[in-house]
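Order of listing sets the numbers, starting from 1, for every ligand and every atom in it. Heads up: numbering here begins at 1 and tracks the sequence. Predicted model, so just to flag it, every value in this text is computed and none were measured.
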Amino acid sequence: MNNLPEHFLDSLQSATGFSREAFVQAHAQAAVTSVRLHPVKGAGVFPGADPVGWCPQGRYLDKRPLFTLDPLFHAGAYYVQEASSMFLHHVVRSLVPEPEGLRVLDLCAAPGGKSTLLASLLDEASLLVSNEVIRSRASVLEENAVRWGYSNHWVTGNDPRDFSRLPGYFDLMVVDAPCSGSGLFRKDEHALEEWSEANVHLCSMRQQRILADAWPALKENGWLVYATCSYSVEEDEAILEWMSANFAVRSAEVPLEEDWGVVTSHTRSGLTGYRFYPDQAKGEGLFMAVVQKGEPATVLRLPRQQLQREPRVQLAWQSLLAHPDRFTVRSHKDLYTAILQQHASDYELLSKSLYLRKAGVVLGSPAAKEWLPAHDVALSIDRAQDIGQLELNKEQALKYLKKEDVDMPTEKGWKLVSYQGLSLGWIKSLGNRSNNYLPKSWRIRMDVSGYED
Ligand code: SAM
C-alpha cells in the first residue's frame, strides 16, 4: 500500500517520533504476522519462530498460514495477535511483577486479544472481567475466552456506564478504546478509506466518554492502561491530557529496550505514552499509556457468599475437573457452572450488577441417565486429565471442526476428541458411529477439502 492520503500524513506531523518518509515506505511493506502461544496448551507450537521482544509468548511468523485450517488454533494453542498489542504483557509485568489476587477489567475487549493475554498473566486468585458492549462482538469474545480455557476469565456484555455500579472494585483496568484505526492500515485497507479528521474527532469524544464512565470503578492507586491503534495525537496524548484535567492521575513509566524501536512521548502535564510505528518497531501502529489513580474511590463491600445446596449431581460434575475441591457450582435452568471458590462473592455481586455472559467453567447438565457435558469444559485448562480422549489426524480433526461425523470404532459413551494431544470437543460414541457435539456456531464454514496435509 502506498496511497496514504496527504491530509492524513500532514495530520501526523506533530506526533512524537513520526518520520514521514520512513512511515510511507513501511506502508509499502506487508503487515507483520504474529501469534501468541498459550502458556499451557501452546508448548512446542511454531518451533524456531522468532520471539517478540516485549512478550515471551509472542512469535513472528514468516508467512500468514490459513489459521482456520489449523486444528491447533481451534484447540486454543495460540491466539493470532498483532505484535505491538502484546506490549500489554510488558506493561502489566512491569507494574505488577507478580499479579496475585487482582481484579482486572478489560472494558473494550472483543475479539479478545488483550484479554487472552491478561488471562495468561494473572494467577488463579485473580479475576479477569472481559467486557464488550456490541452483542455480536461479545459472542466472538466469549468463544475466544472458552477456547483459551481459564476459569477466572469471565465475560460481560455491558455499556461502560454500567460499571459505575462497581465503585473502586478493580485494581487494573484496560481501555483499548474504539478508534479511527490508522495503525491498522497495512492490515485493513477499509480503515484507510474510512479515515477522516472528523472521525478522529468523533472517536476522541467517545474515548473521553468511555473513560469517564469507567473511572469510578477503579480503586485508589489502581492502574489504568489506555490504548488505541491510532496515530492521531487527538486520540492519544490529548486523551492523556484530558485525563489529567479531569481525574487525579499519577504518571507511570515502564522500562524499554532500545532495539524494540518503541517511541516514548511525554505530555505537558507529565504523563507518558508509548508509540509503535511500523518503520521503527516490528509490528503495526499502536499507542499505549498507563496512569495510576491518585484519588480515593468509594469502596464497595462484597456481598456475603450465598450458600448453595449440595447439588444432587455432584459426583458427575466433579469427575470433569482436575481439582473439583477448588470450585463451587452454580446452576441455572439445569445448566451447571463451576466457579473458583475465591470468586464466589464476586459472582454474587457481578451477576446482580452486570450482564454476565460467562463466569467460570460451564460443566453441562444432568439428563435422565447421564451427564451432558458442555463444550466449555472440553477446552478448559482445569479439566480432569483422565477423561477418555481419542486422537484424530488432521483430516479427521478438520471434519470434526466442520461438525461432520467422525467415524472411529470405539467403546460407547462420551469421549473427547483431540489433535496433537489438545482437546477439540466432545463426541458421543454409539459403538459403530458417533455424534459430533461441537457447538453449531463454532463450526468451520469453509471448504476444507485439499487442505488436510
Ligand atoms: N481489546 C480488543 C482486542 O485486543 O482484541 C480490541 C478492542 S477494539 C480496539 C475496541 C472495542 O470497543 C470493539 O470491540 C468495539 O466493539 C468496542 N466499542 C465500540 N463502541 C464502544 C463504546 N461506546 N463503549 C465501549 N466499547 C465500545
Inset, instruction - Using ring-ring contact (aromatic ring centres under 6.0 Å, His included) as the criterion, point out the one residue from Phe87, Trp260, Tyr231, Phe287 that pairs with Phe276. - result: Phe87
Inset, instruction - Using the ring of Phe247 (Phe, Tyr or Trp, six-membered ring only), decide whether Lys293 places NZ or CZ under 6.0 Å from its centre and within 45 degrees of its axis. - result: no
Legend entry - Qualifying salt bridge (charged side-chain N to carboxylate O under 4.0 Å, His left out) pairs with a residue from residues 252-267, counting only residues at least two apart or across chains: none
All N/O donor-acceptor pairs, side-chain side in residues 146-159, below 3.5 Å, sequence neighbours left out:
from   : atom 1 : to     : atom 2 : distance (Å)
Arg147 : NE     : His74  : O      : 3.3
Arg147 : NH1    : Asn144 : OD1    : 3.0
Arg147 : NH2    : Glu143 : OE2    : 3.2
Trp148 : NE1    : Thr116 : O      : 3.0
Trp148 : NE1    : Ser120 : OG     : 3.0
Ser151 : OG     : Asp382 : OD2    : 2.4
Asn152 : ND2    : Asp123 : O      : 3.0
Asn152 : ND2    : Ser126 : O      : 3.0
His153 : NE2    : Ser130 : OG     : 2.7
Trp154 : NE1    : Ser151 : O      : 3.3
Thr156 : OG1    : Asn131 : OD1    : 2.9
Asn158 : OD1    : Tyr355 : N      : 2.8
Asn158 : ND2    : Asp162 : OD2    : 2.9
Asp159 : OD1    : Arg161 : N      : 3.0

Inset, instruction - Mind jotting down which residue pairs meet the ring pair (Phe, Tyr, Trp, His ring centres under 6.0 Å) criterion with at least one end in residues 109-139? Sequence neighbours excluded, please. - result: none
Legend entry - Ring centers of Tyr79, Phe73 separated by less than 6.0 Å: no
Inset, instruction - Enumerate the protein residues lying less than 4.0 Å from ligand 1, judged by heavy-atom distances, in chain and residue-number order. - result: Cys108, Ala109, Ala110, Pro111, Gly112, Gly113, Lys114, Glu132, Val133, Ile134, Arg137, Pro160, Asp176, Ala177, Pro178, Arg206, Ile210
